[in-house]
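To start, the structure under review is shown below, and the notes come after it.
Every heavy atom of this structure was used, including side-chain atoms; hydrogens, water molecules and symmetry mates were not.
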Amino acid sequence: MKLKYELIKNDQSARLGKLKTNYGVYETPMFMPVGTLANVKTLTPEELYEMNSAIILANTYHLWLRPGEDIVAKAGGLHKFMNYNGPILTDSGGFQVFSLARKKDIIEEGVFFKSHIDGKKLFLTPELSIQIQNKLDSDIAMSFDECIPYPASYEYAKESTERTIRWAKRGKDVHNNSNQALFGIIQGGEYEDLRKYSALETVKIDFDGYAIGGTSVGEDKQTMYKMIDYAIKYLPNDKPRYLMGVGEPIDLLEGVARGIDMFDCVLPTRLARHGNAFTRNGRINLKNLKYKEDFNPIENNCDCYTCKNYTKSYIRHLITCDEMLGGRLLSIHNIRFLIKEMEEIREAIKNGNFKEFKEQFISKYKNGD
RNA sequence: GCGCAAUUGGUGAAGGGGUUAACACGGCGGAUUGUGGUUCCGUUAUGCAAGGGUUCGAAUCCCUUAUUGCGCC
């Protein structure tokens, strides 16, 4: 089956919903950990289930290069290949248009890349991206888009946004997997009329869900929130809305407040590998000297495996010595932190006090208590 | 005991009269938003074994002492 979204409650724009997938029913708003190369770095599926994680991400571009979509198909699809019995969303490779910016050449037909592995010249098109995702057999495929850099001129943003819409149509036309949902992606850069145009045109094509892309690419927070506001009012209520690449604890709240249902971000795992942890009182850096003899958990009342079993002093030691377990333990904590945050957000929406929850959370996170 | 050589930060070291003591590692701090596990940025010796001398100017030249290494009794 394809994805089904049911809006349960709308509390002043903050939405509580239910997402029915091939691998279970999950409540939204939700946070989706990123597992680019068919694994959430350093973590096993069992560890993800224990954190109450639902959808995870994998990346078309990366899996296309290694091991190749045919290998994954031969393995029986992405779920079997990586042993994940939960829903998987595949990013289209569109973000690589942005992140590999120095090595790209965009034409109407698609994008020329130089492989980040061996420099080989590659050509990715909207059709190819969707065909690869069909083969990977993820639960949600994403349209192939261009993530517009920030800042971008109005002319460039317009040209790129229009092209992304044409690419979305082309991708939808070849999409051929009845078990897989397909999401469109809104672009438009920082420009209000382009965001509106992108939203209206993308909705016309009719997707199973809509993503807001082109955010968290270097713009300030207010600009990012505006990018959401400009587009989201034109999206249908009965489809999920996904804010791509956003995962700072405060941004999740700001996104939910604007009607976002799904988020993904590399931040919890990347920060973990570099020794940082989310806490309700703000981010901390476990490498700091002050934790050398701190034998308390990262957070006393956190229910994650790491906090139940390990001290800051020990994690600092692991990170200092470049031991992988340090990054693993922090990844567990950071992902659980964001998932728990979303659980509490859903609870607050249910109870009708999301606004208060949001204000209290942000105040504590910013001011440390 | 005599001769020769060496001594520069937490570590490995460059510099053999010219002003701010290179570089690397380590340390400390920061960054990170559709992945960077190997990344990026900042900072880290008011001082060159100690003392004295020559010179406008000394880590650099000279003397004394200390320590270390090598060789010879």
Can you tell me how far P in B/rA24 sits from the matching atom in B/rA6, rounded to whole Å? 27 Å
Ignoring hydrogens and geometry beyond distance, is the side chain of A/R273 in donor-acceptor contact with the base of B/rU35 at under 3.5 Å? yes
Please state the C1' separation for the pair B/rU44 and B/rA21 - nearest whole angstrom. 14 Å
Mate of B/rG15 across any strand shown (Watson-Crick or G-U wobble, both atom pairs under 3.5 Å) is B/rU8
Inter-nucleotide C1' distance (B/rU11, B/rG16), Å rounded: 24 Å
Name the nucleic acid region contacted by A/G327, choosing base, sugar-phosphate or nothing; use a 4.0 angstrom heavy-atom cut-off, strictly under. nothing
Atom P, compared across B/rC48 and B/rG10: separation rounded to whole Å: 13 Å
Would you measure the distance from the C1' atom in B/rA45 across to the matching atom in B/rG37 and give it in whole Å? 34 Å
Does a side-chain N or O of A/R283 approach OP1 or OP2 of B/rG30 to a distance below 4.0 Å, or not? no
Can you tell me which nucleotide in B/rU32, B/rG34, B/rG29 comes closest to the side chain of A/L267? B/rU32
For atom P, what is the distance between B/rA50 and B/rG9, given to the nearest Å? 9 Å
Nearest-Å distance for atom pair CZ/C1', residues A/F278 and B/rA31: 14 Å
Could you measure the distance from the CD1 atom of A/I165 to the CD1 atom of A/I205? Nearest 0.5 Å is fine. 6.5 Å
Considering every strand and a 4.0 Å limit on heavy-atom distances, what is the contact class for A/K221: base, sugar-phosphate, or nothing? base
By nearest heavy atom, map A/R316 and A/N276 onto RNA chain B; which one lands nearer the 5' end? A/R316
Could you give the CG-to-C1' distance, from A/L43 to B/rG37, as a whole number of Å? 12 Å
Can a side chain N or O of A/S216 be found less than 4.0 Å away from OP1 or OP2 on B/rU33? no
Side-chain-base donor-acceptor pair under 3.5 Å for A/D322 and B/rG37: no
How far does the P atom of B/rA22 sit from the matching atom of B/rU43, given to the nearest Å? 12 Å
Is it the case that the side chains of A/D251 and A/Y225 hold a donor-acceptor pair, with the cut-off being a distance below 3.5 Å and no angle test? yes
Exercise: do A/N309 and A/Y314 side chains pair donor with acceptor under 3.5 Å: no
So if I take every side-chain heavy atom of A/N288 and compare against B/rG30, B/rU32, B/rU35, which nucleotide ends up nearest? B/rG30
Using the P atom as the point on both nucleotides, what is the distance between B/rG1 and B/rA58, in whole Å? 35 Å
Report yes if a donor N or O on one partner sits less than 3.5 Å from an acceptor N or O on the other, where the partners are the side chain of A/H274 and the base of B/rU39; otherwise report no. yes
Looking at the side chain of A/L271, which of B/rU35, B/rG37, B/rU32 is the nearest nucleotide? B/rU32
A/T28 and A/Y242: side chain donor to acceptor below 3.5 Å: no
So what does A/G218 hit on the nucleic acid, given a heavy-atom distance under 4.0 Å: a base, only sugar-phosphate, or nothing? nothing
Classify the side-chain pair A/N176/A/N134 by whether it contains a donor and acceptor separated by less than 3.5 Å. no
Nearest-nucleotide pick for A/K41, side chain only, options being B/rG34, B/rU33, B/rG37: B/rG37
Side chains of A/Q133 and A/S92: is there a donor and an acceptor less than 3.5 Å apart? no
Give the rounded distance in Å between these two atoms: CD of A/E341 and P of B/rU33. 18 Å
If pairing means Watson-Crick or G-U wobble with both distances under 3.5 Å, then the partner of B/rU46 is none
Nucleotide opposite B/rG29 in a Watson-Crick or G-U pair, distances under 3.5 Å: B/rC41
Can you tell me if A/N179 and A/N177 form a side-chain donor-acceptor pair at under 3.5 Å? no
Check every strand shown and say whether A/I185 touches a base, only sugar-phosphate, or nothing at a heavy-atom separation below 4.0 Å. base
Length of the CD1-P vector between A/I250 and B/rU32, whole Å: 13 Å
Remember a base hit wins even if backbone is also touched, and classify A/D91 as base, sugar-phosphate or nothing at under 4.0 Å, heavy atoms. base
Using a 90° cut-off around 0 for syn, call B/rG36 syn or anti. syn
Applying the Watson-Crick and G-U wobble criteria at under 3.5 Å, what pairs with B/rC61? Answer none if nothing qualifies. B/rG53
Separation of atom NE2 in A/H116 from atom P in B/rU35, rounded to whole Å: 11 Å
In whole Å, what is the span from the CG atom of A/N334 to the P atom of B/rU33? 15 Å
Rounded to whole angstrom units, what separation is found between the CG atom of A/L330 and the P atom of B/rG37? 16 Å
Is A/E323 touching bases, backbone alone, or none of the nucleic acid, heavy atoms closer than 4.0 Å? nothing
Hey, what's the ring geometry for A/F113 with A/Y61, parallel, tilted or perpendicular (30° and 60° as the breaks)? tilted
If the glycosidic angle sits within 90 degrees of zero it is syn, else anti. Tell me which applies to B/rG15. anti
For A/Q187 and A/T164, which I'm curious about, is there any donor-acceptor pair between the side chains at under 3.5 Å? no
If you compare every side-chain N and O of A/R270 against the phosphate oxygens of B/rU33 (OP1, OP2), does one of them come in below 4.0 Å? yes
How close or far is atom P of B/rG30 from atom NZ of A/K287, stated in whole angstroms? 9 Å
I want to confirm an ordering. Mapping A/M324 and A/N285 to their closest nucleotides on RNA chain B, which one lands closer to the 5' end? A/N285
Select base, sugar-phosphate, or nothing to describe what A/D251 touches, counting heavy atoms under 4.0 Å on all strands. base
Checking base pairs now: Watson-Crick or wobble, both atom distances under 3.5 Å. What partners B/rC72? B/rG1
Can you identify which nucleotide, out of B/rG34, B/rG27, B/rG37, has its nearest atom closest to the A/T320 side chain? B/rG27
